Amino acid sequence: MNELAQMNAVVEVGSAGEEWAFWICGTLAVIGALGLVLSRKTVHSALFVALTMINLAVLYITLGAPFLGFVQIIVYTGAVMMLFLFVLMLIGVDSSDSLIETLKGQRLAAILMVLALGVIAVAVIAIALDGTTTIGINEANAEHGGNVEGLASLMFTKYLLAMEIVAAVLITAAMGALVLAHRERWSPKRGQRELAEERADDFNRAGIHPGSLPSPGVLATSNAVGTPAILPDGSASELSIPVPLRGKKHPDIPAEPEQIAADFEEVAELSESETVREPEKLADVTGHLELDEVYPDSHNDEAGTGEFELPPAPDDEGRS
Amino acid sequence: MDPVAYVILATILFCIGAVGVLVRRNAIVVFMSVEMMLNACNLTFVAFAQMHGNLDGQMIAFFVMIVAAAEVVVGLAIIMTIFRTRRSASIDEPSLLRN
């Protein structure tokens, strides 16, 4: 509490520092308010509001209300604006305003009316405040030892009933938000069993394949998720592509099945003519490499047929 | 600094917030404009507290903040519910009760 008492002493109400703070923070607050109204994107509006709130907090502190200043920063910029941004992200950031006026001349009329309101308000305030004297908050703050202590003594004596009502309001608001945001589940939750039965039903009725869909194609040119798998007849499997990407022609897939067949024949010829798979040729190619290093099991190739005895495959029970 | 300056600044902020409420049609922007108007009122409360030399104005501003926080919670929940059913956050859309 000593720090707050010191702060009250530092921010002398009526000093030149207060005047500087008013002009800088007041200008920034107005800029933030204009940005809220004028910016097209909602996220920018939210950030401009946060700017205004922070500057208003500084103004509260210079007006001798450090507690309200910190509450302003914590509650408004910390909680309320983050809640706004959270809801913005939930309902879509790009939901920007349409520029079309639904009511003709409404925009101009609104601005004129609000200008009139502002002029009247300023005039009334100027007349009402003419000849009044400013007492200053420093004495009231110092009465109980500080701003926080003063507010606390008020809060739990004079405003006790209001405090209780506010507590009820807060709890009701929390309950209301829970009820409003709650989505009723109209059907029982579908578990693994229900989904499996549904798949079997679909197969019985419409012959829909009950297994998982084929995975996308892994080709030499592309293994992107949008590349369809190629079926044995050379056509592309539409089922292997994610739903949003379906119906788009992929450039890596040759259109004609004959082309595919020709490609396969070409590959087969190549692999026959260049007998790369024979271990002797492999040794020639690698040169300095010992055959044992390449094929540690090549000792059992006594006949030189190029066939190796594979180690026994693990049987099914041996699998972990 | 004269409290009149603070009150005039609060009036400017209030008017900009009112323009935002009247002109913008995204529900969230309208809501933020309402928050701006509430903040302008808070600034007048604090300025008048300083002028009169007692803490009651600050107390009222504190209550305004609490009620505004509760209002934000409920209002955003309503906006979310409307968005869920209408797929839109525009305040022109929910005109079902017109006819």
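On a predicted model such as this, the values are computed, not experimentally measured, just so you know. Chain letters run A, B, ... following the sequence lines, proteins first, then strands; residues in each count from 1.
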Derivation and outcome, side chain to side chain contact (heavy atoms under 4.5 Å, CB included), residues Asn42(B) and Leu68(A)
CA-CA 10 Å; Asn42(B) 269 353; Leu68(A) 274 186; over 6 Å; no
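Among Leu59(A), Leu117(A), Val179(A), Ile111(A), the residue with the largest count of heavy-atom pairs under 4.5 Å with chain B is Leu59(A). The most heavy-atom pairs under 4.5 Å with chain B, out of Ala162(A), Gly32(A), Ala126(A), come from Ala162(A). Among Ala79(A), Ala109(A), Ala121(A), Ser45(A), the residue with the largest count of heavy-atom pairs under 4.5 Å with chain B is Ser45(A). By number of non-hydrogen pairs under 4.5 angstrom with chain A, the leading residue of Gly57(B), Pro3(B), Ala69(B) is Pro3(B). Note on Met163(A), Glu143(A), Glu139(A): by heavy-atom pairs under 4.5 Å with chain B, the leading option is Met163(A).
Rounding to the nearest 0.5 angstrom, the gap separating the CG atom in Leu36(A) from the CD1 atom in Ile16(B) is 9.0 Å. Expressed to the nearest 0.5 Å, how far CD of Gln50(B) lies from CD1 of Ile135(A) amounts to 10.0 Å. Note that CG of Leu34(A) and CG of Leu13(B) are 9.0 Å apart. Values are rounded to the nearest 0.5 Å. Distance CG/Leu38(B) to OH/Tyr76(A): 5.5 Å, rounded to 0.5 Å. Taking SG from Cys15(B) and CG from Leu115(A), the interatomic distance works out to 7.5 Å, rounded to the nearest 0.5 Å. Rounding to the nearest 0.5 angstrom, the gap separating the OG1 atom in Thr81(B) from the NE2 atom in His182(A) is 11.5 Å.
At a threshold of 4.5 Å between non-hydrogen side-chain atoms, the residues Glu35(B) and Met81(A) do not count as touching. In this structure the side chain of Phe62(B) never reaches within 4.5 angstrom of the side chain of Val75(A), judged on heavy atoms. Counting only heavy atoms from C-beta outward, the side chains of Val37(A) and Val29(B) never approach each other to under 4.5 Å. For the pair Ile125(A)/Thr44(B), no side-chain contact is recorded, criterion being any heavy-atom separation below 4.5 Å from C-beta on. Using a 4.5 Å heavy-atom cutoff, the side chains of Val114(A) and Phe14(B) are not in contact. Residues Leu83(A) and Val73(B) form a side-chain contact, since some pair of their non-hydrogen atoms from C-beta on lies under 4.5 Å apart. Contact check for Val169(A) versus Ile66(B): no side-chain heavy atoms found under the 4.5 Å cut-off. Two residues are said to be in side-chain contact when any heavy atoms from C-beta on lie closer than 4.5 Å; Leu63(A) and Gln58(B) fail this criterion.
Met175(A) CE: 12 or fewer foreign heavy atoms inside a 6.0 Å radius.
Residue contact with chain B, scored on non-hydrogen atoms closer than 4.5 Å, involves the side chain of Leu129(A) exclusively. With a 4.5 Å cut-off on non-hydrogen atoms, Thr172(A) does not touch chain B at all. Both the backbone and the side chain of Asp56(B) come within contact range of chain A, each with at least one heavy atom under 4.5 Å from a heavy atom of that chain. Of the two parts of Thr11(B), only the side chain, counted from C-beta on, holds a non-hydrogen atom closer than 4.5 Å to a non-hydrogen atom of chain A. Heavy atoms closer than 4.5 Å to chain B are found nowhere in Trp20(A), neither backbone nor side chain. Looking at Thr52(A), only its side chain comes within 4.5 Å of chain B, counting heavy atoms on both sides. For Ala5(B), the parts sitting under 4.5 Å from any heavy atom of chain A are the backbone and the side chain alike. With a threshold of 4.5 angstrom between heavy atoms, Met113(A) does not approach chain B through any atom at all. Of the two parts of Phe48(B), only the side chain, counted from C-beta on, holds a non-hydrogen atom closer than 4.5 Å to a non-hydrogen atom of chain A. Using a 4.5 Å cut-off between heavy atoms, Leu9(B) touches chain A through its side chain atoms alone. There is no contact between Ala21(A) and chain B, counting heavy-atom distances below 4.5 Å. Proximity to chain A (any heavy atom under 4.5 Å) is restricted, for Ile12(B), to the side chain, taken from C-beta onward.
Note: Phe63(B) and Tyr159(A) have tilted aromatic rings, judged against thresholds of 30 and 60 degrees for the angle between ring planes.
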